[in-house]
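Note that the structure is a prediction, hence the values are computed from the model and not measured.
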Amino acid sequence: IGVKDVFSVPGDFNLTLLDHLIAEPELNLVGCCNELNAGYAADGYARAKGVGACVVTFTVGGLSVLNAIAGAYSENLPVICIVGGPNSNDYGTNRILHHTIGLPDFSQELRCFQTITCAQAVVNNLDDAHELLDTAISTALKESKPVYISIGCNLPGIPHPTFARDPVPFFLAPNTIRKELVLAITRGRGIICVKTIPGIAVSNQLGLEAAVEATANFLNKAVKPVLVGGPKLRAANAKDAFVELADACGYPIAVMPSGKGLVPEHHPHFIGTYWGAVSTSFCGEIVESADAYVFVGPIFNDYSSVGYSLLIKKDKAIIVQPNRVTIGNGPSFGWVFMADFLSALAKKLKKNTTAVENYRRIFVPPGMPLKHGNDEPLRVNVLFKHIQDMLSKDSAVIAETGDSWFNCQKLHLPENCGYEFQMQYGSIGWSVGATLGYAQAAKDKRVIACIGDGSFQVTAQDISTMIRCGQKSIIFLINNGGYTIEVEIHDGPYNVIKNWNYTAFVDAIHNGEGKCWTAKVRTEDELIDAIAAATGEKKDSLCFIEVFAHKDDTSKELLEWGSRTKRVLAMIKNRVVTERVKLKNAVRNRIPKSVKDLLIQCFDFEFWGLTRKRLLDVCGTTIWILWPMGNDSIFNNKVWDGFLRKLRSLHWVNALGGSDLIKEVVCWISPRLMNDDLR
């Protein structure tokens, strides 16, 4: 299926399997320092090649790679996760194996993977192995999601007739990736081959026609519509169809932050990143002032919507997902695939450049960073000005979770320049493994990775694997003393990390084997010299440049985004506090103003609508009944007893403990006792 490199960590359950993978002449086994990085590398490889693979051992390896596979699932990446499983003869024997949690049940790992993969195959019988493998791998390609395959440790070297025959094509029905896949098993090796032939229409034709007609009617009536690309363009293999639509309609095109790199920024109608309050200058204004917007493959989460603060109205939006189109508050059309829909829609829309012309009228080119002093500490915006100058069609950018998200969003990508980051899952440390995998897949590009010091400390070991593989990436390690993105969301001493001598750390890993060059940068002049060396005499080496930055030197976008996201994260807590305050105020506002009012309340306690939880929030674990009585009171023992009986019969009182919960406080009130203490 196009995978030439498999990322692995050996363990005694997968050793025989690794022997057979090494024996495959067209496969390169890349040994990683840990399973998490092997998974991240397969993630990065899939971004460049379309599919990736990793091999780990049973449970201790499988549960270590779990986080990376969850990230691939969230980002819609087909990653084949292969685990060397228990001996097939151990199933059902009640034996306890090592590398497990000490139970004879071997399904723990499988159950963990079931929620983060689209298919699972446990191969412990060769009779159905052929079918299980075909099904798992083809499902990964169809769904653009990871799959889990467990191979019994005693099976890889055993021949079986289903793998010994001449290849028989395995035909997959056309699917969302607009390919017909012909899978074949080669004699005795288990290699799956893929042949891509021209895609054919796969949508429900009547639904497709109805969706196109309804959308065209909606958009052709609009005055200033816009087109916005999202991250699911990749999974739907609809990037070319998106450009076809953009060329035909004349609308301005923007990209959601998680879709950067999937929309061509050299297109004449490209206006930038739409990210709500932290959008590219003038892009947000054009999108949010439009009277119709087409979002193609979007994901609206708290991060991409800047704390759900987008000024987008549903009745003006057309949402195009990989297999569904929804128009405003109106109709929704299923089994209509994105690429088919965009291509068909391009033929029905009238050209409308109104919004593009509006953008060009208000656009002002971005300013340049202020000129630095001779020995002035390097500022982050100056760093990214120089990174911008490094970009070309032969480069790719990997942006780590953190302030690099925001600084890299402002980079203008030349044609065919790659760009990747993990916005939906946002796992810090992802970029080290992803850089390894992407560089291994895209050998025609030089990867430029922007990584924060906190993230680097999570997964730093696989710099070793990059050197061993002879990679030539340039890594900018931004040393600002901690988790800057976390600081802007919620500060605390836990966001400060132990500082490392990062270049010395990488030099120790290098250890004179392979090509690796490091540098420390504190000023702009030092940065210029380091970049010149990395792109000149050290261009054939892995280059690691440690950039020192002030802990508060952040992008303005992070400051804005952090303050809005902080409010969302505090929303649940604030909601609980608000409910408690409202309840207490409701109780306080019902203080009786007369004996009659008091009687009504005493015999209608449920007017508060109290639940057990809410009552405990307000009252603790005791219901205190303050019973005011005066010399002229109409109350007598009969009334009092009746009241207590009624009180004890209420369902919420019984639920809390019944009579034992009630404490009677009788306060005899007379004019001569009405002093301040009694009040």
Where Gly71 and Asp43 come nearest, the two heavy atoms and their spacing: C-OD2, 4.4 Å
Does the distance from a Lys or Arg side-chain N to an Asp or Glu carboxylate O, for Glu524 and Lys385, drop under 4.0 Å? yes
Are Glu75 and Gln422 linked by a side-chain donor-acceptor pair shorter than 3.5 Å? no
Verify whether one side chain among Ser304 and Asn301 offers a donor that lies under 3.5 Å from an acceptor in the other. yes
For residues 390-398, dump all side-chain donor-acceptor pairs below 3.5 Å to protein atoms at least two apart in sequence or in another chain.
| from | atom 1 | to | atom 2 | distance (Å) |
| --- | --- | --- | --- | --- |
| Ser392 | OG | Asp394 | N | 3.1 |
| Ser395 | OG | Ser392 | N | 2.9 |
| Ser395 | OG | Ser392 | O | 2.8 |

Judged by modelled atom types alone, do Tyr73 and Gln424 share a side-chain donor-acceptor pair under 3.5 Å? no
Identify, with sequence neighbours excluded, every residue that meets ring-ring contact (aromatic ring centres under 6.0 Å, His included) alongside Tyr148. Phe113
If I compare all heavy atoms of Ile80 with all of Ala140, which pair ends up nearest, and what's the gap? CD1-CB, 3.8 Å
Could you tell me if Arg47 sits above the aromatic ring of Tyr438, with its cationic atom closer than 6.0 Å to the ring centre and no more than 45 degrees from the axis? no
Give me each pair satisfying ring-ring contact (aromatic ring centres under 6.0 Å, His included) with a member in residues 44-69, each pair once, sequence neighbours excluded. Phe7-Tyr45, Phe13-Phe58
Any donor-acceptor pair under 3.5 Å linking the side-chain atoms of Gln461 with those of Ser464? no
Can you find a side-chain donor-acceptor pair between Lys520 and Asn501 that sits under 3.5 Å? yes
Is the ring pair Phe300/Phe295 parallel, tilted or perpendicular, if the boundaries are 30 and 60 degrees? perpendicular
Any chance the side chains of Asn480 and Asp553 put a donor and an acceptor closer than 3.5 Å? no
Do Tyr40 and Ser427 have side-chain atoms, one donor and one acceptor, less than 3.5 Å apart? yes
Identify the two heavy atoms, one from Gly84 and one from Asn14, that lie closest to each other, and give their separation to 0.1 Å. CA-CB, 3.8 Å
Contacts of Lys232 meeting salt bridge (charged side-chain N to carboxylate O under 4.0 Å, His left out) (sequence neighbours excluded), chain-then-number -> none
Any donor-acceptor pair under 3.5 Å linking the side-chain atoms of Glu400 with those of Ser431? yes
Report yes if some heavy atom in the side chain of Gln471 is under 4.5 Å from a heavy atom in the side chain of Leu436; otherwise report no. yes
Using a strict cut-off of less than 4.0 Å between a Lys/Arg side-chain nitrogen and an Asp/Glu carboxylate oxygen, indicate whether Glu265 and Lys260 qualify as a salt bridge. yes
By side chain to side chain donor-acceptor pair (under 3.5 Å), which residues pair with Lys410, not counting sequence neighbours? Glu557
Applying side chain to side chain donor-acceptor pair (under 3.5 Å), can you list everything that pairs with Thr326, at least two apart in sequence or on another chain? Ser332
